[in-house]
Amino acid sequence: MDLKAVRDVSRTISATHLFVYFIPEAREEAAELGVTEYGPAYFAFRSAPMGAVPWQVTLAAFYNFSPRSVRAMAGVWDTATPEQWQAARFAAVGRAMRRVDVHLTADQIAEARSLIDPVVASADYAGKTMAAANASVPLPSDPLVALWQQITVLREWRGDAHFTVLAANGIGPCDCNVLQTATGHFPEAIARATRLWNDEEVAAATARLVARGWLNADGTPTAAGVAAREQIEVETDEHCAALWTPIGDGGVRRLTSLITPIHDAFTAAGTYPFRVEPAGTPPADL
């Protein structure tokens, strides 16, 4: 597999999935289930495919969140069942796609499914907790939402693979957040507000990365740190290459082209507080 094609489709998959975390419809559907705070709703929506697991299981599966952030979801399964949360997530996605007027014809959706379905069906799910959980979710009847769910399976598959690479390189949950923000891959304000690592934990992670030669004492990245962050992405791409062999480089490029209008529609609607590039790196400008 061409690793550039793998990187491009991975970035586009991530960008196409991303809107669910920023749309007002998700907040509205969560409120209908009795949860009005963003954090508990986020964890309930995203971990619902795993079933009514304790918050500690969600923490393990999500890797880069602090325990204090995930602990906030305790009790969400008493408010509504995982199946209700999943149905609400699909309802939010469908409503949002109609609101921003995603331009995909029935033939384009069918073609995208003909490419993505074999990838989902033949994927190796060993060690891929979130991907396996999402692959087990029955697809909704709405064709566009069903395509989005298949996209979600592959977005979580790469995320699971990325966590494997991070762990293999000895980069812990707080450390990866600090490295991600320092190298401009994610806005620090959003990372701090959602992951909830405190100042002491961030300082300790920064010190570990300074000791590795990846950050300067002021928290800015060194050349070695930038190279290390890119190497992590390369190793993740290499891990993902086999995932795409059922459709080959040509199929990967065609799928990338077919699903990009979903992201384009949400970008045009002003969905994101920062710029998201499907085949590039989102800069940390709020």
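Everything numeric in this text was worked out from a predicted model, so none of it was measured.
Under the salt bridge (charged side-chain N to carboxylate O under 4.0 Å, His left out) criterion, Glu32 pairs with no residue, sequence neighbours left out. By the side chain to side chain contact (heavy atoms under 4.5 Å, CB included) test, Thr220 is found to be paired with Asn216, Asp218, residues two or more places apart in sequence or in another chain being considered. Taking Arg27 as the reference, nothing meets the salt bridge (charged side-chain N to carboxylate O under 4.0 Å, His left out) condition, with sequence neighbours excluded. Not counting sequence neighbours, the partners of Ala92 by the side chain to side chain contact (heavy atoms under 4.5 Å, CB included) test are Ile23, Glu25, Ala26, Glu29. Partners of Asp249 by salt bridge (charged side-chain N to carboxylate O under 4.0 Å, His left out), not counting sequence neighbours: none found. In this structure, the ring-ring contact (aromatic ring centres under 6.0 Å, His included) partners of Tyr63, at least two apart in sequence or on a different chain, are Phe163. Checked against side chain to side chain donor-acceptor pair (under 3.5 Å), Arg89 has the following partners two or more places apart in sequence or in another chain: Tyr21. Looking at residues two or more places apart in sequence or on another chain, you find a salt bridge (charged side-chain N to carboxylate O under 4.0 Å, His left out) between Glu111 and Arg254.
Closest non-hydrogen pair, Gln86 versus Pro49, comes out as OE1-CG, 3.3 Å. Of all heavy-atom pairs between Ala41 and Val35, the closest is N-CG1, 3.9 Å. In terms of heavy-atom proximity, Val252 sits nearest to Ile247 at N-CD1, 3.8 Å. Residues Ala133 and Ser136 share a closest heavy-atom pair of O-OG, 2.6 Å. Contact between Ala30 and Trp85 at its shortest, heavy atoms only, is CB-CZ3, 3.9 Å. Here the shortest heavy-atom pairing between Pro67 and Trp55 reads O-CZ3, 3.7 Å.
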One pair to check against side chain to side chain contact (heavy atoms under 4.5 Å, CB included): Cys240 and His162. What are the steps and the verdict? CA-CA 9 Å; Cys240 293; His162 192 62; over 6 Å; no

Show your reasoning for whether side chain to side chain contact (heavy atoms under 4.5 Å, CB included) applies to Arg192 and Val202. CA-CA 9 Å; Arg192 293 294 290 267; Val202 170; 3.9 Å; yes

Test side chain to side chain contact (heavy atoms under 4.5 Å, CB included) on Thr206 and Val210; report intermediate values, then the result. CA-CA 6 Å; Thr206 300; Val210 169; 4.2 Å; yes

Begin from the C-alpha positions of Thr16 and His263 and carry the test side chain to side chain donor-acceptor pair (under 3.5 Å) through to its verdict. CA-CA 5 Å; Thr16 303; His263 168 70; 5.8 Å; no

Show the numbers, then the answer: is there a side chain to side chain contact (heavy atoms under 4.5 Å, CB included) between Val70 and Phe62? CA-CA 9 Å; Val70 187; Phe62 286 18; 5.5 Å; no

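Two residues are said to be in side-chain contact when any heavy atoms from C-beta on lie closer than 4.5 Å; Arg99 and Pro24 meet this criterion. Contact annotation: the side chain of Met73 approaches that of Ser47 to within less than 4.5 Å [non-hydrogen atoms, C-beta and beyond]. By the 4.5 Å heavy-atom criterion applied to side chains, Thr194 and Ser69 are not counted as neighbours. Taking 4.5 Å as the limit, every side-chain heavy atom of Gln180 sits out of range of all side-chain heavy atoms of Asn177. Two residues are said to be in side-chain contact when any heavy atoms from C-beta on lie closer than 4.5 Å; Thr152 and Val20 fail this criterion. Val178 places a side-chain heavy atom less than 4.5 Å from the side chain of Leu215.
Between atom CD1 of residue Ile259 and atom CD1 of residue Ile13 there is a gap of 4.0 Å, rounded to the nearest 0.5 Å. How far CG of Leu255 is from OG of Ser114: 9.0 Å, rounded to the nearest 0.5 Å. To the nearest 0.5 Å, the span separating CG on Leu147 from CG on Leu139 amounts to 10.0 Å. One finds the SG atom of Cys174 at 10.5 Å from the CD atom of Glu200 (value rounded to the nearest 0.5 Å). Between Asp107 atom CG and Leu258 atom CG the span is 11.0 Å, to the nearest 0.5 Å. Rounding to the nearest 0.5 angstrom, the gap separating the CZ atom in Phe43 from the OH atom in Tyr38 is 8.5 Å.
For Glu201 (side chain) and Asn198 (main-chain N/O), a donor-acceptor pair under 3.5 Å exists by modelled atom type. Within the 3.5 Å criterion, the main-chain N or O of Glu188 finds no donor-acceptor partner in the side chain of Thr181. With hydrogens and angles disregarded, no donor-acceptor distance shorter than 3.5 Å links the side chain of Asp175 to the backbone of Ile171. At least one donor-acceptor pair under 3.5 Å links the side chain of Thr164 to the backbone N or O of Asp160. Judged purely by atom type and a 3.5 angstrom limit, Thr36 has no side-chain atom pairing as donor or acceptor with the backbone of Ala31. Judged purely by atom type and a 3.5 angstrom limit, Asp101 has no side-chain atom pairing as donor or acceptor with the backbone of Met97. Judged purely by atom type and a 3.5 angstrom limit, Glu156 has no side-chain atom pairing as donor or acceptor with the backbone of Val153.
A single hydrophobic cluster is not seen to contain both Leu59 and Leu166; linkage of ILVMFWY side chains at heavy-atom distances under 4.5 Å, directly or through other members, places them apart. Cluster annotation: Val165 is not connected to Trp157 through the hydrophobic network of ILVMFWY side chains, with a link wherever side-chain heavy atoms come within less than 4.5 Å. Linking ILVMFWY residues whenever their side-chain heavy atoms come closer than 4.5 Å, directly or via other members, places Phe266 and Leu104 in the same cluster. Hydrophobic clustering places Val6 together with Ile116 (ILVMFWY residues linked when any side-chain heavy atoms are closer than 4.5 Å, directly or through intermediates). Ile262 and Tyr272 end up in the same hydrophobic cluster when Ile, Leu, Val, Met, Phe, Trp and Tyr side chains are linked at under 4.5 Å.
Pairs passing the salt bridge (Lys or Arg N to Asp or Glu O under 4.0 Å) check and including a residue from residues 231-247, sequence neighbours excluded, read Arg7-Asp237, Arg11-Glu233, Arg158-Glu233, Arg158-Asp237, Arg229-Glu233. Identified under the ring pair (Phe, Tyr, Trp, His ring centres under 6.0 Å) test for residues 191-225, with sequence neighbours left out: none. Applying the side chain to side chain donor-acceptor pair (under 3.5 Å) test to every pair with at least one member in residues 122-131, sequence neighbours left out, gives these pairs: Lys128-His239.
Classified by interplanar angle (parallel below 30°, tilted 30° to 60°, perpendicular above 60°), the ring pair Phe19/Trp148 is tilted.
Salt-bridge annotation for Arg253 and Asp2: present, with a side-chain N of the basic residue lying under 4.0 Å from a carboxylate O of the acidic one.
In the hydrophobic clustering (ILVMFWY side chains linked at under 4.5 Å, chained through shared members), Leu196 stands by itself.
Taking the six-membered ring wherever Trp is involved, the centroid distance between the rings of Phe65 and Tyr42 falls below 6.0 Å.
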